[in-house]
Number of protein chains: 2
Amino acid sequence: MTLEQTDLQRTEIFKVLSDINRLRIIRVLHHAQREMTCGEIGEKLNISKSTVSYHFKMLRQVGLTNTRRASQSKYLSLNDQTFNDFLPGFLDSL
Amino acid sequence: MTLEQTDLQRTEIFKVLSDINRLRIIRVLHHAQREMTCGEIGEKLNISKSTVSYHFKMLRQVGLTNTRRASQSKYLSLNDQTFNDFLPGFLDSL
DNA sequence: TCGATTGTTTTATAACATTAGAACTAATAG
DNA sequence: CTATTAGTTCTAATGTTATAAAACAATCGA
């Protein structure tokens, strides 16, 4: 992994974290300490389901979250590994 | 300081860090361990002076850098305090 | 199978970000 | 005062991002 590649990965992660709604999603998940669904988070944060789906995708694409399908629902959880690798201590500061 | 205000401050900082050129500027400054001028950094990173000036402004606005005028030149340095407050350990990971 | 539930993708739109050239401002040296 | 140096702001072009409604897809219960 070159320096430049790591830089690009870093900027991608920062880009994902630079949106207030995605930060809210992360906080909600962190404080809940459990998986949550798209609908559940959308309702809590008052955003449309398509918008939540869009943000979920971005979070997943940079490895900040994991997803698990179960029946109709899709459960989201934080990927602690990525947070620890790139932003040690960040989650606990939320 | 409310949670929401801190969130906005955080997303602003992440936004500033989500650009590859600004990340490069930070790395160059960190490794140089000294102040550097706009022209010096622009030359090193091969970006126009107006673009460097634009990025300098963003960095300063969120408190990631300090500036000092001396004669015609303007010297930039990292504000370790802000990095430590919001991203402890980040600079050393660069 | 049908209808309900849940989430995704498409589409359109509006807002914002990045870039560099040109014009401008500030400081200094001669 | 004038020319030079260093940086800023304006402008226009180009590209990116966030949003939600609408259409679509997948799953499940009856």
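Values reported hereafter were calculated over all heavy atoms of this structure, with side chains retained and with hydrogens, waters and symmetry mates removed. What you are looking at is a predicted structure, and each value in this text was computed from that prediction instead of being measured. Labels below follow one simple rule: chain letters A, B, ... track the order of the sequence lines, proteins then strands, and each chain is numbered from 1.
- A straight line from CZ of Phe14(B) to C1' of dA17(C) spans 19 Å, rounded to a whole angstrom.
- Atom P of nucleotide dG21(C) and atom CD1 of Ile47(B) are separated by 13 Å, given to the nearest angstrom.
- As a whole-Å value, the separation of Lys74(A) NZ from dA25(D) C1' is 12 Å.
- The residue Ser73(B) sits close only to the backbone: its heavy atoms come under 4.0 Å of sugar-phosphate atoms, none of a base.
- Following rounding to the nearest Å, Met58(A) (CE) and dT19(D) (P) show an atom-to-atom distance of 11 Å.
- Contact annotation: Lys57(B) reaches the phosphate of dT9(D) (side-chain N/O to OP1 or OP2, under 4.0 Å).
- Ring geometry for Phe14(A) versus Phe90(B): interplanar angle over 60°, hence perpendicular rather than tilted (30 to 60°).
- Contact annotation: Lys49(B) does not reach the phosphate of dG21(C) (side-chain N/O to OP1 or OP2, under 4.0 Å).
- The base of dA20(C) sits within donor-acceptor range of the side chain of Ser50(B), with an N or O pair under 3.5 Å.
- Evaluation of the salt bridge (Lys or Arg N to Asp or Glu O under 4.0 Å) test over residues 57-82 of chain A, restricted to residues two or more places apart or in two chains, returns Glu35(A)-Arg68(A).
- The interatomic distance linking Arg24(A) (CZ) with dA18(D) (P) rounds to 13 Å, in whole Å.
- Rounded to whole Å, the distance from CG on Asp19(A) to P on dC16(C) is 13 Å.
- Scanning both residues, His55(A) and Asn21(A), for their nearest heavy atoms gives NE2-CB, 4.0 Å.
- Here Ser48(B) lies in heavy-atom contact (under 4.0 Å) with a base.
- Arg69(A) has no side-chain polar atom (N or O) that falls below the 4.0 Å cut-off from OP1 or OP2 of dG7(C).
- Between the base of dA18(D) and the side chain of Thr51(A) there is no donor-acceptor pair shorter than 3.5 Å.
- For the side-chain contact (heavy atoms from CB on, under 4.5 Å) test with Leu78(A), the passing option among Leu59(A), Asn66(A), Thr65(A) is Thr65(A); the others fail.
- If you measure from atom OH of Tyr75(A) to atom C1' of dT27(D), you get 13 Å, rounded to the nearest angstrom.
- The distance between atom CD of Gln72(A) and atom P of dG29(D), rounded to the nearest whole Å, is 7 Å.
- If you check every strand for non-hydrogen atoms under 4.0 Å, Phe56(B) touches nothing.
- Contact check for Leu91(B) versus Asn84(B): no side-chain heavy atoms found under the 4.5 Å cut-off.
- Close to dT19(C), at under 4.0 Å from its OP1 or OP2, lies a side-chain N or O of His55(B).
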